[in-house]
A.B. asks: 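Supplied in structure tokens, the structure appears directly below.
If you read the sequence from its start, that first residue is 1, and numbering goes on from there. Keep in mind that what you see is a predicted model, and the values were worked out from it rather than measured.
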Amino acid sequence: MRAGSCHSISPRGSRFKLQIKIEFCLSSRSSEAETEMRGRSGGGAGGRCDRRVSPRWMVILCVCSFSLGMLLTDKFWAFPDANNPVVSSSRRQEQELQIISEDCTTKRKHAEEKDVMGEVSRTHEAIQCDMLNIRSLDKAISTLQMELAAKRSSRGLIGRDGPPSTEALTEKRKKAFVVVGINTAFSSRKRRDSVRATWMPQGGKLQLLEQEKGIVVRFTIGHSATSHSILDKAIDSEEAQHNDFLRLEHVEGYHELSAKTKIFFSTAVAIWDADFYVKVDDDVHVNLGMLATTLARHRSKPRTYIGCMKSGPVLSDRNAKYHEPEYWKFGEDGNKYFRHATGQIYAISKDLATYISINQPILHKYANEDVSLGSWFIGLEVEYIDERNMCCGTPPDCEWKAQAGNVCIASFDWSCSGICKSVEKIKGVHQRCGEEDGAVWSALF
């Protein structure tokens, strides 16, 4: 019963309180044992001394011992007070530390994301730079290949049965800005004279224009089907007088204009290393200064095809003027041609002219030479430039544009595919639509 009393009072204090209670109980048990032994060993009533402690005192002593232990240790089992300033301060510090930790984690994540995006951006820029370098390298390689092919083509032309021109035998390949080939025929002597009297410089001025401005202007013509015929001799005489022809290794004929166009570009590339090559008909008025200024704006572009772009109908009627024998290649009746420059005047850059020179034997010829030229560029990376100033009408159209400060490059009548009755009218067109005297000499390009 006493032992049970000691175990029933179990303090929830520290080790110190437990130790005091255990020692107190042990001492109580020891006292009881000692009293019993004395009772048993002592004799008689006087020899016995009953010093037993009553259970009530044992309970009181245990309670007092427990209270004393609690007071001595100053430890109470109680939940922390939320209003305690120490606890509140500790919680605030923990919350602040948690916020700072979360903020640092967020910043670190943002920094990592920025690093990743920056790396992606730098990689993208590096790829773009590599692509530009590759394009520049491809362009340089293409230019070198074109120049090599042009030289080979030049040697091949000179090595044929007859030279492409008299100049090819006596002159090396010259540097020029633009070569203008005026397409003409044996029967067009009056047209040539009307051009010489208006927009084409003559004599020493023609040579000076070539030397100072790099603008070469020549009438282009082949030879007759009969060698050394009277037609050829007439051209020889005219050439001796004006020195403004480019003779082609080509048999003249209206239905051979596509072949003549190929040979003109091939011959011109073999003689002159120019930035542009222009073909124009001998019944069209041209302002050379405006032409050179316009071409100069596209000088840095590779593979340029400049002219008044159109897409006319494919004519299957054999009686039509511009009948297309191969009309079936363009689909159903009523279809139109692919986009191409009108044949009165157009310009191509050096690499396109060189391409024609290299591939001349395998380039297909359609009935119309402007369609043929456009077909040669299909499938190539060519920039088409629709220059409407190259197809102005005759007065009053070109005159109004000139008065407004927009001088035309070329003027002709669409209804006649050139200036109607050009021999009589081209002088009036020149007076009303021509650029100022000396414009070509003062033009900056």
A.B. asks: Sequence neighbours left out, what pairs pass ring-ring contact (aromatic ring centres under 6.0 Å, His included) with at least one residue falling in residues 215-242?
C.D. replies: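 Listed by first then second residue: Phe219-Phe245.
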A.B. asks: Using distance only, find each side-chain donor-acceptor pair of residues 280-287 under 3.5 Å and give its atom names and separation, not counting sequence neighbours.
C.D. replies:
unit_1, atom_1, unit_2, atom_2, d
Asp281, OD1, Lys279, NZ, 2.7
Asp282, OD1, Arg191, NH1, 3.1
Asp282, OD2, Thr184, OG1, 3.0
His285, NE2, His430, ND1, 2.8
Asn287, OD1, Glu435, N, 2.9
Asn287, ND2, Cys408, O, 2.7
Asn287, ND2, Cys433, O, 3.3

A.B. asks: Can Asp273 and Lys350 be counted as an ion pair, charged N to O under 4.0 angstrom?
C.D. replies: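 Salt bridge flag = yes for Lys350 with Asp273.
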A.B. asks: So, do Asp397 and Lys401 sit near enough that their side-chain heavy atoms are less than 4.5 Å apart?
C.D. replies: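 Yes, their side chains come closer than 4.5 Å.
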A.B. asks: Might you point out which heavy atoms bring Phe186 and Gly222 nearest each other, and give the distance in Å?
C.D. replies: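 Heavy-atom minimum between the residues: CZ-O, 4.0 Å.
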A.B. asks: Within the 4.5 Å heavy-atom criterion, are Gln431 and Thr198 side-chain neighbours or not?
C.D. replies: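 A side-chain contact under 4.5 Å is absent here.
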A.B. asks: Is the shortest side-chain N to carboxylate O distance from Glu383 to Arg303 below 4.0 Å?
C.D. replies: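 Judged by the 4.0 Å cut-off on N to carboxylate O distance, Glu383 and Arg303 do not form a salt bridge.
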A.B. asks: Within a strict 4.5 Å, meaning less than it, do heavy atoms of the Gln344 and Ser417 side chains meet?
C.D. replies: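 Yes, side chains in contact.
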A.B. asks: Tell me if the CD atom of Gln403 is crowded by more than 12 foreign heavy atoms within 6.0 Å.
C.D. replies: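 Enclosed: over 12 neighbouring heavy atoms sit under 6.0 Å from CD of Gln403.
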A.B. asks: Looking at Glu324 and Arg318, does any basic side-chain N land under 4.0 Å from a carboxylate oxygen?
C.D. replies: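 Here Glu324 does not pair with Arg318 in a salt bridge, since their nearest N and O are not under 4.0 Å apart.
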A.B. asks: If we only count heavy atoms from C-beta on, is the Pro201 to Leu288 side-chain gap below 4.5 Å?
C.D. replies: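 Pro201 reaches Leu288 side chain to side chain.
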A.B. asks: Determine the interplanar angle of the Tyr384 and Tyr305 rings, folded into 0 to 90°, and report it as parallel if under 30°, tilted if 30 to 60°, perpendicular if over 60°.
C.D. replies: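 If you compare the ring of Tyr384 with that of Tyr305, the planes turn out perpendicular.
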A.B. asks: For a 4.5 angstrom cut-off between non-hydrogen side-chain atoms, does Ile182 reach Thr220?
C.D. replies: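 No, too far: nothing below the 4.5 Å cut-off.
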A.B. asks: Tell me the closest heavy-atom pair linking Asp317 and His323, and the distance in Å.
C.D. replies: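 That closest heavy-atom pairing would be O-ND1, 3.1 Å.
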A.B. asks: So, for Ala341 and Tyr346, which heavy atoms are closest and what is the spacing to 0.1 Å?
C.D. replies: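 Heavy atoms of Ala341 and Tyr346 come nearest at CB-CB, 3.9 Å.
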A.B. asks: Do the side-chain N and O atoms of Ser349 and Tyr355 include a donor-acceptor pair separated by under 3.5 angstrom?
C.D. replies: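 No, no side-chain donor-acceptor pair sits under 3.5 Å.
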A.B. asks: Hey, is CH2 on Trp441 packed in by over 12 heavy atoms from elsewhere, all under 6.0 Å?
C.D. replies: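 Above 12, so yes.
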A.B. asks: Are there over 12 heavy-atom neighbours, none belonging to Trp328, within less than 6.0 Å of that residue's CH2?
C.D. replies: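 Check fails, neighbour count at 12 or below.
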A.B. asks: Working note: Glu210 + Arg218, criterion salt bridge (Lys or Arg N to Asp or Glu O under 4.0 Å); need CA distance, chi angles, decisive distance, verdict.
C.D. replies: CA-CA 11 Å; Glu210 180 178 342; Arg218 297 287 189 277; 3.1 Å; yes
A.B. asks: Could you tell me whether Asp193 and Arg196 make a salt bridge, using a distance below 4.0 angstrom between a side-chain N and a carboxylate O?
C.D. replies: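 Looking at Arg196 together with Asp193, the answer is yes, because their closest N to O distance falls below 4.0 Å.
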A.B. asks: For Arg247 and Glu239, what are the C-alpha separation, side-chain angles and deciding distance, and is it a salt bridge (Lys or Arg N to Asp or Glu O under 4.0 Å)?
C.D. replies: CA-CA 10 Å; Arg247 303 298 296 273; Glu239 164 68 6; over 6 Å; no
A.B. asks: Which heavy atom of Gln360 sits nearest a heavy atom of Lys262, and at what distance?
C.D. replies: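 In this case the closest contact between Gln360 and Lys262 is O-NZ, 2.8 Å.
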A.B. asks: Using side-chain heavy atoms (C-beta onward) and a distance below 4.5 Å, is Ile221 in contact with Leu248?
C.D. replies: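 A side-chain contact is absent here, since even the closest heavy-atom pair is not under 4.5 Å.
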A.B. asks: Side-chain contact, heavy-atom cut-off 4.5 Å: Thr394 with Ile419?
C.D. replies: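 Heavy-atom side-chain distance check passes, below 4.5 Å.
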A.B. asks: Does a sphere of radius 6.0 Å around NZ in Lys329 hold more than 12 heavy atoms from other residues, nucleotides or ligands, not counting ones at 6.0 Å or beyond?
C.D. replies: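 Enclosed: over 12 neighbouring heavy atoms sit under 6.0 Å from NZ of Lys329.
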A.B. asks: Taking NZ, NE, NH1 and NH2 as the nitrogens, is one of them in Glu424 or Lys421 under 4.0 Å from a carboxylate oxygen of the other?
C.D. replies: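 Judged by the 4.0 Å cut-off on N to carboxylate O distance, Glu424 and Lys421 do not form a salt bridge.
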A.B. asks: State the CG-OG distance between Asp232 and Ser237, to the nearest 0.5 angstrom.
C.D. replies: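 The OG atom of Ser237 is 12.5 Å from CG of Asp232, to the nearest 0.5 Å.
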A.B. asks: Determine the minimum heavy-atom distance between His298 and Thr294, stating which atoms define it.
C.D. replies: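 Heavy atoms of His298 and Thr294 come nearest at CD2-O, 3.3 Å.
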A.B. asks: Is the closest side-chain heavy-atom distance between Ile356 and Ile348 below 4.5 Å?
C.D. replies: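 Result yes, sub-4.5 Å side-chain heavy-atom pair found.
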A.B. asks: Please work out whether the ring planes of Phe330 and Phe338 are parallel, tilted or perpendicular, with thresholds of 30° and 60°.
C.D. replies: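 If you compare the ring of Phe330 with that of Phe338, the planes turn out tilted.
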